[in-house]
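Encoded as structure tokens, the structure appears first; notes follow it.
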Amino acid sequence: MKNLLELISGEVKAAFASAGYDAGLGTVTVSNRPDLCEYQCNGAMAGAKLYHKAPIMIATEVADKLLGSKVFESVNAVAPGFLNLNISETYLAEYVENMRKDETGRFGLSKDEPKTIIVDYGGPNVAKPLHVGHLRSAVIGESIKRICKYMGHNTIGDIHLGDWGLQMGLIITELKERKGELPYFDDDFKGDYPKEAPFTIAELEEIYPTASAKSKEDAEYKARAMDATHKLQEGNRGYRALWDHIINVSVTDLKRNYKNLNVDFELWKGESDVQDIIPGMVQYMKDGGYAYLSDGALVVDVKEETDTKEMPPCMILKSDGASLYNTTDLATIMDRVKNYNPDKLIYLTDKRQDLYFEQVFRCARKTKLVDDKVELIHIGFGTVNGKDGKPFKTREGGVMRLEYLIDDINKRMLERISENRDMDKDEAGKIANTVGLAAIKYGDLSNQASKDYIFDVEKFTSSEGNTGPYILYTIVRIKSILNKYEAQGGDLSTVKISPCSVLAAKELMKEITGFIPAITSAYEEAAPHKICAYIYALANAFNSFYHDVRILDESDEDRKKSYIGLIDIVKGILETSIDLLGFSAPDRM
Ligand code: ARG
């Protein structure tokens, strides 16, 4: 189905044309003076300049052409030349009923011509626990991926593990200190290594920071760690076997953590997966004349004439010949192009990597790793802050582990749910986790990604205001009305939305029509916060409606069916939308 605003605009454009003016003047927007009208068109103002005519004259001529239009209840030309429009109840109800009847269950939203899109998100580093900084990448990336899929695109999420480099050498070095007798450190060992890892995830999470701290104080220790990294990268058999253990133990734990966040990845690739293709890529960049030596390092210039800010060259190899984060990302682009032929690559990281991605993207284009048609998008997100406005920390001032943050929210949610009532403990716990996840995700996603936000447990878990729990309460309330309706013998398959002069019903219908544009722009701008803003307005419109009308007690049977149809589509839209945001609603709360 066409977006309602486009349909209305089409009608007004035709009227401009038939009055002898440019049809392009007929664009209609939602009124910014809802006290005066529902929609407005300001085209006569622009037309006045084009046609050297008073705007009110143009507006009046166009309004005359719209007399008798089925789309509008009223059309008024008002000084100095605005067209104030109110939509016809019949037209609006028909439009909403068509959305509801859409057999694909997509409320009239059609799919796009399918593209292949890779979303690179999550990006944890193995052997390090997930902290609050990883929350946004996971939550926003998951939502963007779901939105792309919903629009019909072949979408692949890749976690892009940080599983290569010095951190691996550090862990191996510390293990050697502690358990030097293990066969992994015996160069003469020719047998099979044990299947069982020689450490647990808890040990691993302690080993890494210990080793990292030691290396900062002890140059000799650091040299050993660098040597171990080198040996690993050269394929030392024992070190590779240890590395496999580190990855397995770490990935098992990561999978559990991401599952709790309702986040999952199609690909669990990492930096290590492209190391083999780096030498060929470097050679290609040299042969093509793109890369040159500067102070011993191999670099590619990425400056452009129009740059207003400083744009340092993109470093491909350090002077000691080692590759960098850049190098891996470029090789990963090469790999993705070869294996998936993507139309679009979307990356999610902290916005402090904005410049970094600008360099990488320019380098990839300049060296023709991707052709011009491939869209490269970096979404840099802001910081999660505590109430003091500083990056979120534990009470002791340490980095906040993601697990603890989730526990905190779930605990607070459980308290809120259990307030003033008895509920089975197990059920209450499950509900608290479902609602808690909504609280966290909505709290994050309702902000524009690039902005910092304050992680406020009280606000996020509240059932009032622009929060996840408020949206879920709304869904649960509708479910309960629909259940009652059916229990009273009502049949959802026979309901039909019909024209209605009740203000709250018309307002609700208008909000419902916002679904198609909201999802479309969330996709086009890779902006889940647009969905949040839309469902918040929709939930508000529903709650005013619920407050103003008696749904189940309505005596006019057709009107009651229309009300039921309306709340049924609201429920469907809200459920679809929260699924796109990556959470779900319980049956009761
Ligand atoms: N592991 C990286 C970090 O912790 C994030 C990876 C983001 N993705 C990428 N392709 N660079 O900063």
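Indexing begins at 1, ligand by ligand and atom by atom, following the structure's order. Just so you know, these numbers use all the heavy atoms, side chains as well, and skip hydrogens, waters and symmetry mates.
At least one N/O-N/O distance between Asp329 and ligand 1 falls below 3.5 Å. Checking only distances, Glu271 never comes within under 3.5 Å of ligand 1, N or O to N or O. No N or O atom of Phe357 sits closer than 3.5 Å to an N or O atom of ligand 1.
Looking at Glu358 and Lys351, no side-chain N of the basic residue comes within less than 4.0 Å of a carboxylate O on the acidic one, giving no salt bridge. With salt bridges taken as basic N to acidic carboxylate O contacts below 4.0 Å, one links Asp120 and Arg336.
Between Phe455 and Tyr453, the angle of the ring planes lies from 30° to 60°, which puts this pair in the tilted group.
With respect to atom 8 (N) of ligand 1, the closest heavy atom belonging to the protein is Asp120 OD1, 3.1 Å. For atom 3 (C) of ligand 1, the closest non-hydrogen atom of the protein is Gly123 O, 4.0 Å.
Geometric assessment of Arg237 against the ring of Tyr184 yields a negative cation-pi assignment under the 6.0 Å and 45° thresholds.
With respect to Tyr442, the side-chain contact (heavy atoms from CB on, under 4.5 Å) criterion is satisfied by exactly one of Val139, Asn447, Ile471: Ile471. Checked against Met168 for a side-chain contact (heavy atoms from CB on, under 4.5 Å), the options Leu242, Thr173, Leu232, Thr229 give a single hit: Leu232.
Counting only N and O atoms by type, the side chains of Tyr347 and Gln353 include no donor and acceptor under 3.5 Å apart.
Atoms of ligand 1 found under 4.0 Å from any heavy atom of His160 (numbered from 1 in listed order, with element): 8 (N), 9 (C), 10 (N). Residue Gln353 has at least one heavy-atom neighbour below 4.0 Å for each of these atoms of ligand 1: 12 (O). Interface atoms of ligand 1 facing Tyr347, defined by a heavy-atom separation under 4.0 Å, are 10 (N). Numbered from 1 in the order shown, with element, the atoms of ligand 1 that lie under 4.0 Å from a heavy atom of Thr349 read 7 (C).
Ligand 1 lies within reach of Tyr325, whose nearest heavy atom is under 4.0 Å from it.
With a 4.0 Å cut-off on non-hydrogen atoms, Tyr121 does not touch ligand 1 at all. Contact annotation for Asn125 and ligand 1: only side-chain heavy atoms (C-beta onward) come within less than 4.0 Å of the ligand.
Atom CG of Asp329 sits about 12.0 Å away from atom CG of Asp335, to the nearest 0.5 Å.
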